[in-house]
Amino acid sequence: QVQLVESGGGLVQAGGSLRLSCAASGRTFSSSTMGWFRQAPGKEREFVVGITRSGSGTYYVDSVKGRFTISRDNAKNTVYLQMTSLKPEDKAVYYCAASHSVGVPTKNYAYSAWGQGTQVTVSS
């Protein structure tokens, strides 16, 4: 079972950028689809973006297309989320997650390993 640790969250002004990292331990990272989810206060956890095992395929929700970029480095067992043009509505706890599914699932239940989350706060 892969273990995940996120980092890189923080406070940023609207229009600013942040880069989140998710470091994985274990031997299954390169065979896992990786996803980023977020959960705002009082809301359910939602899928944001995912990347296939090789990194050749990605899927973004409409609200972050053109602003967020996911990437992975299988040699470093790390997945990244570059966030630009941040908006106050992007404020949430961001989680990375690993899935054994083929492709990029968007449902929480398809992901079997989760990190502890990192807080992203965007001030207006």
Listed once per pair and sorted, the salt bridge (charged side-chain N to carboxylate O under 4.0 Å, His left out) pairs that draw on residues 109-124, sequence neighbours left out: none

Contact summary for A98 and L4, nearest pair of heavy atoms: N-CD1, 3.8 Å

Charged tip of R38 within 45° of Y95 ring normal and under 6.0 Å: no

Heavy atoms from other residues, nucleotides or ligands near CD of E46 exceed 12 (cutoff 6.0 Å): yes

More than 12 heavy atoms of other groups within 6.0 Å of E44 CD: no

Inter-residue atom distance Y94.OH - L18.CG, 0.5 Å rounding: 9.0 Å

Student check: side-chain heavy atoms of T78 and R72 closer than 4.5 Å: no

Residue pair Y60 / I51, side-chain heavy-atom distance below 4.5 Å: no

Contact summary for P105 and T33, nearest pair of heavy atoms: CD-CG2, 3.9 Å

Validation row: W36, V79 side chains within 4.5 angstrom (heavy atoms): yes

Straight-line distance of N74 CG to S32 OG, nearest 0.5 Å: 9.5 Å

Considering all heavy atoms, the nearest V48-F68 contact: CG1-CD2, 3.9 Å

Gap between atom CD of Q82 and atom CG of L20 - 0.5 Å precision: 8.5 Å

Backbone of S101 reached by a side-chain donor or acceptor of Y111 within 3.5 Å: no

T121 (side chain) donor-acceptor with K91 (main chain) under 3.5 angstrom: no

Pairwise side-chain contact, M34 with R53, heavy-atom cut-off 4.5 Å (strictly under): no

Approximate separation, where rounding is to 0.5 Å, of N108 CG and R45 CZ: 6.5 Å

Transitive ILVMFWY side-chain link V49 to V61, under 4.5 Å: yes

V5 and C22, any side-chain heavy atoms less than 4.5 Å apart: no

Criterion salt bridge (charged side-chain N to carboxylate O under 4.0 Å, His left out) on K65 and D62, from CA distance to verdict: CA-CA 5 Å; K65 283 181 181 177; D62 288 344; 3.1 Å; yes

Interatomic distance, D73 atom CG to S21 atom OG [nearest 0.5 angstrom]: 10.5 Å

Heavy-atom side-chain proximity of V93 to T118 below 4.5 angstrom: no

Interatomic spacing from CZ in R19 to OG1 in T69 - rounded to 0.5 Å: 10.5 Å

Within-4.5 Å side-chain heavy-atom neighbours: S17 and M83: no

T58 and V104: CA distance, side-chain angles, deciding distance, side-chain contact (heavy atoms from CB on, under 4.5 Å) verdict: CA-CA 7 Å; T58 57; V104 180; over 6 Å; no

Residue pair I70 / Y80, side-chain heavy-atom distance below 4.5 Å: no

Ring-ring centroid check F47 F37, cutoff 6.0 Å: yes

Q3 (side chain) donor-acceptor with A24 (main chain) under 3.5 angstrom: no

Closest contact, heavy atoms only, S124 versus P88: CB-CG, 3.8 Å

